[in-house]
Amino acid sequence: MKKIQFILIALLCATFIANAAQKPTVYVLATGGTIAGTGATQVAAGYTAGAITVDQLLSAVPEIKDIANIKGEQIVNIGSQDMNDEVWLKLAKRVNQLLSQGDVDAIVITHGTDTQEETAYFLNLTVKSDKPVILVGSMRPSTAISADGPRNIYNAVACAVDKSSIGKGVMVVMDDRILGADDISKTNTLSVSTFQNPNFGELGIMYNGKPNYSRESMKRHTTKSEFDVTNLDKLPQVEIILSYSNATDLFVNAAVNAGAKGIVTAGVGNGNMTTVMQNALANAVKKGVAVVRSSRITTGPTAQWDEIDDDALGFSASWFVNPYRSRVLLMLALTKTTDYKEIQRMFTEY
Ligand code: ASP
């Protein structure tokens, strides 16, 4: 090889290494879901969630390598209807471990949409870093015409590497929108715009590969959260019980007898319930079970001091935390306290 050729190759290698070093490093932690799902044909409705691996997922979006050094890791490969406390703890610990490293800039988590709001909120309360953590899913399997997964993954990585995403708490990026974990809800069984922040509106949009924020969450999260799962290998059992006309005490008693440490109600209206259910819950409190009133209504707070005297019954009210996220917060609250007033404080702060 001539000297000039050698110098040119050396220069090219040096440029390549310098570019890679300049790009932020993003870990993509894969957990399964429709985004990793495959169907028998491109058009049929049926498919299996969690069928392809993180490497296959990432190979559908080579463009992300232009904006970040990507490292893929398979945490689990499940439909998120099977998400559980064990995986949550594993995820939270791995995210915290990775983000404590100086050479990791952000995390993207691929996840099924069914329970994505619960995982996002759990991580929002247990990640101990300001670095961006973005959850992403899709409503169409990877084999469908116009699969939404690749675009959503690109946007999630693009959002994660942008400096304006630092300190915003855990977010969900789907359908060109950026959603905060504190108010996230899946609102449609099929639409690609399924995720909404129904009380306060989305945090921003993704446009031209960049986040454009218009609001921030005022709730405590990540580095300002008091919850720490580092040394936990399980979480307290908390059940959700739905209210409806003529509801009895059946499920409350079953939960108490099964050893539940907490019960969240998905009440009617402003967290109301039949008198018989209310009495059963008051008895549950006397047996040491924490009760949080939430609502089956999509928007608005489940507020204290309305029709139910929470202080007299020892209940807490969930305010803007819906029943699914209330269960997450109550599980974490019970790792610290059983006092309903302390739990009430947490429901106003997170
Ligand atoms: N059942 C799927 C899941 O949650 C649905 C989806 O990802 O959209 O894993």
Side-chain angles (χ1 to χ4, degrees), residues 28-61 72-92 94-95 107-124 133-157 159-160 170-181 183-198 202 206 240 298 322-325 327-328:
V28 178
L29 307 183
T31 68
T34 297
I35 196 164
T38 55
T41 76
Q42 282 189 298
V43 288
Y47 68 95
T48 309
I52 63 168
T53 63
V54 63
D55 295 332
Q56 290 167 296
L57 253 187
L58 297 177
S59 66
V61 216
E73 213 172 278
Q74 194 80 48
I75 300 292
V76 281
N77 208 356
I78 56 176
S80 75
Q81 54 269 48
D82 278 325
M83 190 48 68
N84 56 56
D85 302 358
E86 196 186 326
V87 180
W88 277 354
L89 290 170
K90 184 174 173 186
L91 254 181
R94 185 66 183 136
V95 169
I107 306 273
V108 167
I109 300 170
T110 61
H111 196 293
T113 60
D114 288 354
T115 58
Q116 193 160 316
E117 62 205 78
E118 296 172 46
T119 304
Y121 192 56
F122 179 75
L123 294 174
N124 200 40
V133 176
I134 314 273
L135 275 82
V136 62
S138 79
M139 292 300 284
R140 299 181 185 134
S142 65
T143 45
I145 291 177
S146 295
D148 48 332
R151 184 181 180 89
N152 287 344
I153 291 179
Y154 182 81
N155 274 337
V157 173
C159 186
V170 172
M171 298 181 280
V172 168
V173 170
M174 287 208 18
D175 194 37
D176 298 347
R177 287 169 315 123
I178 310 166
L179 302 128
D183 183 33
I184 184 104
S185 275
K186 184 173 180 177
T187 63
N188 189 293
T189 53
L190 292 174
S191 164
V192 294
S193 315
T194 186
F195 283 107
Q196 307 281 337
N197 284 151
E202 63 210 22
M206 289 301 299
I240 302 172
T298 319
N322 75 12
Y324 322 111
R325 281 180 283 109
R327 178 176 163 271
V328 172

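Counting convention: from 1, in listed order, for ligands and their atoms alike. Values below: every heavy atom of this structure, side chains too, minus hydrogens, waters and symmetry copies.
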Margin query: Is it the case that the side chains of Ser80 and Asp114 hold a donor-acceptor pair, with the cut-off being a distance below 3.5 Å and no angle test?
Written below: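 Note: Asp114 and Ser80 side chains miss the donor-acceptor criterion.
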Notebook entry, point to check: Are a donor atom and an acceptor atom from the side chains of His111 and Thr31 found within less than 3.5 Å of each other?
Noted result: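 No.
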Next item on the list: Would you mind listing every side chain to side chain donor-acceptor pair (under 3.5 Å) that reaches into residues 43-55, with sequence neighbours excluded?
Entry: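 Of all non-adjacent pairs touching residues 43-55, those that pass side chain to side chain donor-acceptor pair (under 3.5 Å) are Thr34-Tyr47, Thr53-Gln56.
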Next item on the list: Sequence neighbours left out, what pairs pass salt bridge (Lys or Arg N to Asp or Glu O under 4.0 Å) with at least one residue falling in residues 141-154?
Entry: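 Matches after skipping sequence neighbours: Arg151-Asp176.
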Notebook entry, point to check: With Phe195, which residues qualify under ring pair (Phe, Tyr, Trp, His ring centres under 6.0 Å), at least two apart?
Noted result: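 Phe195 satisfies ring pair (Phe, Tyr, Trp, His ring centres under 6.0 Å) with no other residue.
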Item checked: Glu202 and Arg177 ion-paired at < 4.0 Å ->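 Here Glu202 pairs with Arg177 in a salt bridge, since their nearest N and O are under 4.0 Å apart.
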Output block, N or O contacts of ligand 1, threshold 3.5 Å exclusive:
from: ligand 1; atom 1: 1 (N); to: Gln81; atom 2: OE1; distance (Å): 2.9
from: ligand 1; atom 1: 1 (N); to: Asp114; atom 2: OD2; distance (Å): 2.8
from: ligand 1; atom 1: 4 (O); to: Ser80; atom 2: N; distance (Å): 3.4
from: ligand 1; atom 1: 4 (O); to: Ser80; atom 2: OG; distance (Å): 2.5
from: ligand 1; atom 1: 4 (O); to: Thr113; atom 2: N; distance (Å): 3.3
from: ligand 1; atom 1: 4 (O); to: Asp114; atom 2: N; distance (Å): 3.0
from: ligand 1; atom 1: 4 (O); to: Asp114; atom 2: OD2; distance (Å): 3.4
from: ligand 1; atom 1: 7 (O); to: Thr34; atom 2: N; distance (Å): 2.9
from: ligand 1; atom 1: 7 (O); to: Thr34; atom 2: OG1; distance (Å): 2.9
from: ligand 1; atom 1: 7 (O); to: Thr113; atom 2: N; distance (Å): 2.9
from: ligand 1; atom 1: 8 (O); to: Thr34; atom 2: OG1; distance (Å): 3.0
from: ligand 1; atom 1: 8 (O); to: Thr113; atom 2: OG1; distance (Å): 2.5
from: ligand 1; atom 1: 8 (O); to: Ser138; atom 2: O; distance (Å): 3.3
from: ligand 1; atom 1: 9 (O); to: Ser80; atom 2: N; distance (Å): 2.7

